[in-house]
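Residue numbers begin at 1 in each chain, while the letters A, B, ... track the order of the sequences. Heavy-atom basis, side chains included; hydrogens, waters and symmetry copies ignored.
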There are 2 protein chains.
Amino acid sequence: MKEVLPQFNSTFSIDCVVFGFDEGELKILLIERNEEPFKDWWALPGNIVEENESLDQSASRILHELTGLSNIYMEQYYTFGDVNRHPQGRVVSIAYYALLRLGGDKALKPISSYAKKANWINVKDLPKLAFDHQKIFDKGLEKIKRRIKHQPIAFELLPEKFTLTQLQNVYEVILNKKLDKRNFRKKMLSFGVLKDLEEKQQGVSFRAATLYKFDKRRYAKLFGKEISF
Amino acid sequence: MKEVLPQFNSTFSIDCVVFGFDEGELKILLIERNEEPFKDWWALPGNIVEENESLDQSASRILHELTGLSNIYMEQYYTFGDVNRHPQGRVVSIAYYALLRLGGDKALKPISSYAKKANWINVKDLPKLAFDHQKIFDKGLEKIKRRIKHQPIAFELLPEKFTLTQLQNVYEVILNKKLDKRNFRKKMLSFGVLKDLEEKQQGVSFRAATLYKFDKRRYAKLFGKEISF
DNA sequence: GCAAAAGTGTTCATGATACACCCATGA
DNA sequence: TCATGGGTGTATCATGAACACTTTTGC
């Protein structure tokens with residue numbers, strides 16, 4: 001049966017824009033390539049899709065190999081297929097963005113070794129990227145800018161317990177503009193999806209802020225999928 | 001160089017959800033398949049991407065072969081890659097939606113012959129579709145529902161000269177809800193991107209409506225890309 | 001006591017919604 | 001003259017935007 005399909009030398013890959021938020025900065029995970037082409041260049045983590053895995057599975061696998069983490073929030077957002085985007089042949093790349101909580105215990109534990117090293121790099125300070133990865137990144141950033149206005153994705157970038165100021169910070173960095181503190185809090189709390197943990201920040205040298213938690217159940221109940229953050 | 005790439009029996013294709021609006025109804029173009037698998041089933045128009053064309057080019061080509069038209073408004077929106085979505089092997093499909101003006105002179109002039117016939121079918125009355133095409137359609141419809149709220153895509157479904165009632169109809173059918181006539185007109189006109197042609201409808205058996213035209217230049221000037229229709 | 005961030009309300013402008021009647025035309 | 005859709009305005013409500021000071025805490 002299989003030989004019925006038309007065929008030429010082509011393949012497809014996944015590339016991931018992995019966003020992390022740390023100390024008020026939005027970063028992405030870049031790897032320094034070990035192999036030609038673009039040896040020694042910085043690139044988005046990515047890999048070839050294997051025969052027996054779906055695209056989503058492949059993206060999860062790549063992230064797992066890279067970070068040792070599972071259950072990362074990811075979404076497919078665009079597919080890049082210009083004829084000459086890969087110097088060694090026709091490679092169509094399906095792009096995903098991922099969001100994860102940085103800081104604290106979760107250091108990177110890379111499993112695979114196709115990269116010399118992986119690094120978190122501030123999105124405002126990106127080096128020149130291999131292939132068409134700059135384009136892929138740009139579109140990914142644009143995507144989460146839109147997304148964060150209507151879906152509760154900001155919480156994926158924060159620890160489970162967070163302060164309202166940290167949350168506002170995520171919005172400010174992603175949207176790249178200052179927001180009004182009072183209006184932000186009023187609006188956020190008005191959705192009724194933040195649970196006041198009646199618990200304070202620890203170890204800060206100033207007034208400790210209240211910790212909140214995103215209440216997923218309540219969110220799902222109130223709004224199927226739609227809201228305007 | 002080319003043999004460096006990992007490879008297995010796989011390929012990629014484009015599938016298109018081609019929307020057309022006619023007499024108050026939203027329709028899509030379906031073809032009846034001529035070949036196995038799913039011979040005699042209805043399916044979305046689509047084809048294998050060729051070696052020397054980008055994804056966008058491929059989508060345009062497919063639409064051109066199918067309709068004889070060029071310069072159709074299209075956008076890539078999702079890529080479907082489940083392992084068993086195609087019974088003959090691994091086929092990853094990149095989905096596009098297209099919008100075009102129906103009615104009047106523009107009958108279909110199919111060029112290719114992989115289909116027995118192509119038909120416009122009301123989206124409320126779709127038959128069972130081949131492969132995972134129902135899923136592809138669902139996601140496409142969802143996409144234009146969102147899109148129409150922020151981008152001027154409704155005009156792509158109308159003739160160059162249209163009445164406000166026709167425009168409202170497009171919104172109502174895509175969003176699947178009634179809108180208030182006065183509020184709709186007020187809002188639409190307030191954007192300042194509709195040009196009053198000082199010309200009336202012809203050949204109607206009731207009061208003729210004013211014809212308008214979408215003013216692309218003015219739109220581009222006023223709003224880079226963003227607006228809330 | 002001071003530095004640093006937490007926390008808190010009101011006013012105003014704008015946009016969204018609800019709602020009903022007269023007008024022009026062709027048959 | 002009647003059937004059909006074209007065309008119009010106002011009042012109310014909800015939401016978003018602007019804006020500054022007091023409180024708490026650790027050092």
Legend entry - Selection: residues 154-170 of chain B, any non-hydrogen atom under 4.0 Å of DNA chain C: none
Inset, instruction - Mind listing the residues from residues 183-193 of chain B sitting with a heavy atom below 4.0 Å of DNA chain C? Number order is fine. - result: B:N183, B:K186, B:K187
Inset, instruction - Rounded off to whole Å, could you give me the NZ-to-P distance for the B:K200 and C:dA24 pair? - result: 10 Å
Inset, instruction - Provide the closest heavy-atom pair for A:K200 versus A:L211 in the form atom of the first, atom of the second, distance. - result: O-CD1, 3.7 Å
Inset, instruction - Let me see the working for A:E75 and A:K143 under salt bridge (charged side-chain N to carboxylate O under 4.0 Å, His left out), right down to the final yes or no. - result: CA-CA 10 Å; A:E75 200 192 4; A:K143 185 76 180 186; 5.3 Å; no
Inset, instruction - Kindly write out the residues that satisfy ring-ring contact (aromatic ring centres under 6.0 Å, His included) with A:F19, not counting sequence neighbours, or none if the list is empty. - result: none
Inset, instruction - State, with a plain yes or no, whether a side-chain heavy atom of A:L194 is found less than 4.5 Å away from one of A:F155. - result: yes
Inset, instruction - For residues A:V123 and A:F137, determine if any side-chain heavy atom of one lies less than 4.5 Å from a side-chain heavy atom of the other. - result: yes
Legend entry - salt bridge (charged side-chain N to carboxylate O under 4.0 Å, His left out) partners of A:D132, counting only residues at least two apart: A:R85
Inset, instruction - Could you list where the contact with chain A starts and ends along DNA chain D, reading 5' to 3', using a 4.0 Å heavy-atom cut-off? - result: D:dG16 to D:dG26
Legend entry - Minimum heavy-atom distance between B:D15 and B:S93, given as atom pair plus value: OD2-OG, 2.6 Å
Inset, instruction - Find out whether A:N176 and A:K124 are in side-chain contact, i.e. whether some heavy atom of one side chain is under 4.5 Å from a heavy atom of the other. - result: yes
Legend entry - Heavy-atom check, side chain of A:Y171 versus side chain of A:I148, under 4.5 Å: yes
Inset, instruction - Please name the residue in the list B:K195, B:K213, B:E199 that meets the side chain to side chain contact (heavy atoms under 4.5 Å, CB included) test with B:K161. - result: B:E199
Inset, instruction - Nearest 0.5 Å please: distance from the CG atom of B:D40 over to the CH2 atom of B:W42. - result: 10.5 Å
Inset, instruction - May I ask you to list the residues of residues 202-213 of chain B, by number, that have any heavy atom positioned under 4.0 Å from an atom of DNA chain C? - result: B:V204, B:S205, B:F206, B:R207
Legend entry - Minimal non-hydrogen separation, B:I136 against B:Y77, with atom names: O-OH, 2.6 Å
Legend entry - Nearest-Å distance for atom pair NZ/C1', residues B:K181 and C:dC23: 11 Å
Legend entry - Minimum heavy-atom distance between A:F162 and A:L158, given as atom pair plus value: CG-CD1, 3.8 Å
